[in-house]
Amino acid sequence: MDRKQTGWETYLILLAILLIGFSFRVVGLGWGEGQPIHPDEEFLRQVTAAVSLPDSIGLYLDTARSPLNPYNRGYGFFVYGTFPLFLTRAVGEALDQGCRDGATVSLPARLLAPLLLGSPSACWPGSFSGSGARHLGRLLAALLDTGSILFVFLAGRRLGAGYGQGMRTSTGLLAAALYALAVLSIQQSHFYTVDAYANFFVAVTLYLALGIADAPAPSIHALLAGLTTGLGMACKISVWPLGLLVGLAALLRALRPVPRSLPPVDCDPNPASSSCERDMPRPSMRLVALRLTLFGLCALLGAFLAFRLAQPYAFLGPGFFGLRFNPRWLQNMAEVRGLMSGAVDTYPGHQWTNRLPLVFPWVNMVFWGLGLPLGLAAWAGWGGAAVHLVRRWRREGPAAPAGDPVLLPWLWAAGYFLYQGTQWVKSVRYLLPVYPAFVLLAAWLLVRWVENCRSRRPIPRSSPSAFRLMHLASCILPLASCFLLLALTFLWALAFTSVYRRPH
């Protein structure tokens, strides 16, 4: 199913997947006919139109005076991350520069005015950052979620490489295709909300966490993972468990044996096998502590810088080192925690009464968020990875699962699902951050199934025909399952996007 080296055909397939995923995310971008059909989206559109970019970094970091601070524009309750707001406003103002006196004078504005404003004649100063902010925010969400497809591919390659070159590219391509067709990802790309923005940084952080645990230059990976964790939190604060994922990846890397200058002759180069590492000296506690400190400081530095600059009004300022938390922001966070826990009684919260924790989110994820074919495959991948890790524990000892690349996506999928699935508010979109990990596990299971069949010894021709037919069927079944899953998930996405191809 794969070749030893990545060829040009791999990049062509990846490009096709990205184009298909992007087309699903931008079809009917103006759906809803301009009506405020999503309260969060309408609120963000209003705030985007109300704020403006400051003319200096000093003013940007001055919480009390910045024109970009929603609190200074009459919005005293703002619980969303500010990075999507800043990005949309900045792009909108840049496009507005191409609109003067009702005429489109720049190429980007000329190309985007029909898509985002309805017609080129609607382009005037303030149009993209004002009335057109809803559609611009949707377009940026679609672009970022298409970027998520790319990083799911890269994470899949890193995950598959842990089980031999035969799984590397196949796992990446299959995971990318499945995520490109995931219905909830497509839906959230049609809203100017923070979810698709945050999920992009979840996908990037998952890829970087796999790199911390196994790839060269773990310190650089830790720094970058910290940056993407901070940016993810600056989109949606509830993705803070990404920090735990990065910390766990750093710990696993710190505990790895000290490599020799040359591996033993009989060493199995497969990273998923511990035959190499069993013969390497274990690091001392001092070395583990030094490694963990280095990786942790890199990650913390990246996360602090990203969150400080992308969510500046969580701090009082003024200036970069004005690091006291903003009491108004802390109060907003406390209020939203009360809403999420059910401690505050609100009319919209009544819908969550008698909703079973974990079961209700699971049903919504399988039947609606992923669609039944992909939903079942995703959880089969999660279960298959659990069995695989337990078997390695029993066969090779506790250190074996810790070095297995499937551990991190499995823990992220399980941990974040448990975290969100036990909240009082159980909106299906709150589980979007687990979708990259679940499609990775589905792809990992299916590709392993195919590769296990390929690695079997061929049945001798002298064997009875019934045995040969059974062997052939057992090899065709996993490959057919991959194509059937892709076909059904494609049809599921095609059916869902009919919502955007007709008037609301």
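Predicted model only: the values in this text are computed from it and were never measured. Computation of the quantities below employed the complete heavy-atom set of this structure, encompassing side-chain atoms and omitting hydrogens, waters and symmetry-equivalent molecules.
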Where [X] and [Y] come nearest, the two heavy atoms and their spacing:
{"X": "P409", "Y": "L206", "answer": "CA-CD1, 4.2 Å"}
{"X": "A442", "Y": "A377", "answer": "CB-O, 3.6 Å"}
{"X": "L440", "Y": "L159", "answer": "O-CD2, 4.0 Å"}
{"X": "P401", "Y": "G397", "answer": "CD-O, 3.3 Å"}
{"X": "L408", "Y": "A213", "answer": "CD1-CB, 4.0 Å"}
{"X": "V246", "Y": "A225", "answer": "CG2-CB, 3.8 Å"}

Heavy-atom distance under 4.5 Å between the side chains of [X] and [Y], does that happen here?
{"X": "L339", "Y": "E335", "answer": "no"}
{"X": "T171", "Y": "R157", "answer": "no"}
{"X": "W329", "Y": "Y313", "answer": "no"}
{"X": "W449", "Y": "L445", "answer": "no"}
{"X": "H38", "Y": "T193", "answer": "yes"}
{"X": "P84", "Y": "L44", "answer": "no"}
{"X": "M365", "Y": "V434", "answer": "yes"}
{"X": "L85", "Y": "Y80", "answer": "no"}

Could you walk me through whether L441 and V406 pass side-chain contact (heavy atoms from CB on, under 4.5 Å), step by step? CA-CA 8 Å; L441 295 174; V406 82; 3.6 Å; yes
Please tell me whether F483 and F490 form a close aromatic pair, meaning their ring centres lie under 6.0 Å apart.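 F483 vs F490: aromatic centres not under 6.0 Å.
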Y207 and T228: side-chain contact (heavy atoms from CB on, under 4.5 Å), yes or no, with the steps? CA-CA 11 Å; Y207 162 71; T228 55; over 6 Å; no
Let me see the working for C298 and L301 under side-chain contact (heavy atoms from CB on, under 4.5 Å), right down to the final yes or no. CA-CA 5 Å; C298 289; L301 176 63; 5.9 Å; no
Check the pair Y416, Y419 against ring pair (Phe, Tyr, Trp, His ring centres under 6.0 Å), reporting the backbone distance first and the verdict last. CA-CA 5 Å; Y416 199 83; Y419 164 57; 5.5 Å; yes
Measuring from [X]:[atom1] to [Y]:[atom2], what's the distance to the nearest 0.5 Å?
{"X": "T497", "Y": "R25", "atom1": "OG1", "atom2": "CZ", "result": "11.0 Å"}
{"X": "W444", "Y": "E451", "atom1": "CH2", "atom2": "CD", "result": "13.0 Å"}
{"X": "S185", "Y": "L178", "atom1": "OG", "atom2": "CG", "result": "11.0 Å"}
{"X": "L144", "Y": "I149", "atom1": "CG", "atom2": "CD1", "result": "11.5 Å"}
{"X": "N199", "Y": "T205", "atom1": "CG", "atom2": "OG1", "result": "10.5 Å"}
{"X": "S170", "Y": "R448", "atom1": "OG", "atom2": "CZ", "result": "14.0 Å"}

Side-chain donor or acceptor of [X] paired with backbone N/O of [Y] under 3.5 Å:
{"X": "W410", "Y": "W382", "answer": "yes"}
{"X": "N332", "Y": "F78", "answer": "yes"}
{"X": "T353", "Y": "H350", "answer": "yes"}
{"X": "Q311", "Y": "T82", "answer": "yes"}
{"X": "S284", "Y": "L287", "answer": "yes"}
{"X": "R308", "Y": "L323", "answer": "no"}
{"X": "Q351", "Y": "P348", "answer": "yes"}
{"X": "S498", "Y": "L494", "answer": "no"}

Between the side chains of H221 and R253, does any donor sit under 3.5 Å from an acceptor?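 Judged by distance alone, the side chains do not pair up.
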Can you tell me if [X] has over 12 outside heavy atoms packed within less than 6.0 Å of its [atom1]?
{"X": "W424", "atom1": "CH2", "result": "yes"}
{"X": "R286", "atom1": "CZ", "result": "no"}
{"X": "R355", "atom1": "CZ", "result": "yes"}

Residue pairs, two or more places apart or on separate chains, that pass ring-ring contact (aromatic ring centres under 6.0 Å, His included) and touch residues 286-310: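 Those involving residues 286-310 are F304-F320.
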Ring geometry between [Y] and [X] (parallel below 30°, tilted from 30 to 60°, perpendicular above 60°):
{"X": "F83", "Y": "F201", "result": "perpendicular"}
{"X": "H190", "Y": "Y500", "result": "parallel"}
{"X": "Y197", "Y": "Y192", "result": "tilted"}

Holding to side-chain contact (heavy atoms from CB on, under 4.5 Å), I want the full list of residues that pass it with L292, two or more places apart in sequence or in another chain.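 Scan of L292 (side-chain contact (heavy atoms from CB on, under 4.5 Å), adjacent residues dropped) gives A250, L251, A254.
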Pick from L488, L486, T489: which one makes a side chain to side chain contact (heavy atoms under 4.5 Å, CB included) with L374?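 The passing option is T489.
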Of W379, W362, W412, which meets ring pair (Phe, Tyr, Trp, His ring centres under 6.0 Å) against F417?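 Among the candidates, only W379 passes.
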Using the rule given for side-chain contact (heavy atoms from CB on, under 4.5 Å), can you reason through L181 versus F24, listing the C-alpha separation, both sets of side-chain angles and the distance that settles it, and then say yes or no? CA-CA 8 Å; L181 303 173; F24 273 129; 3.5 Å; yes
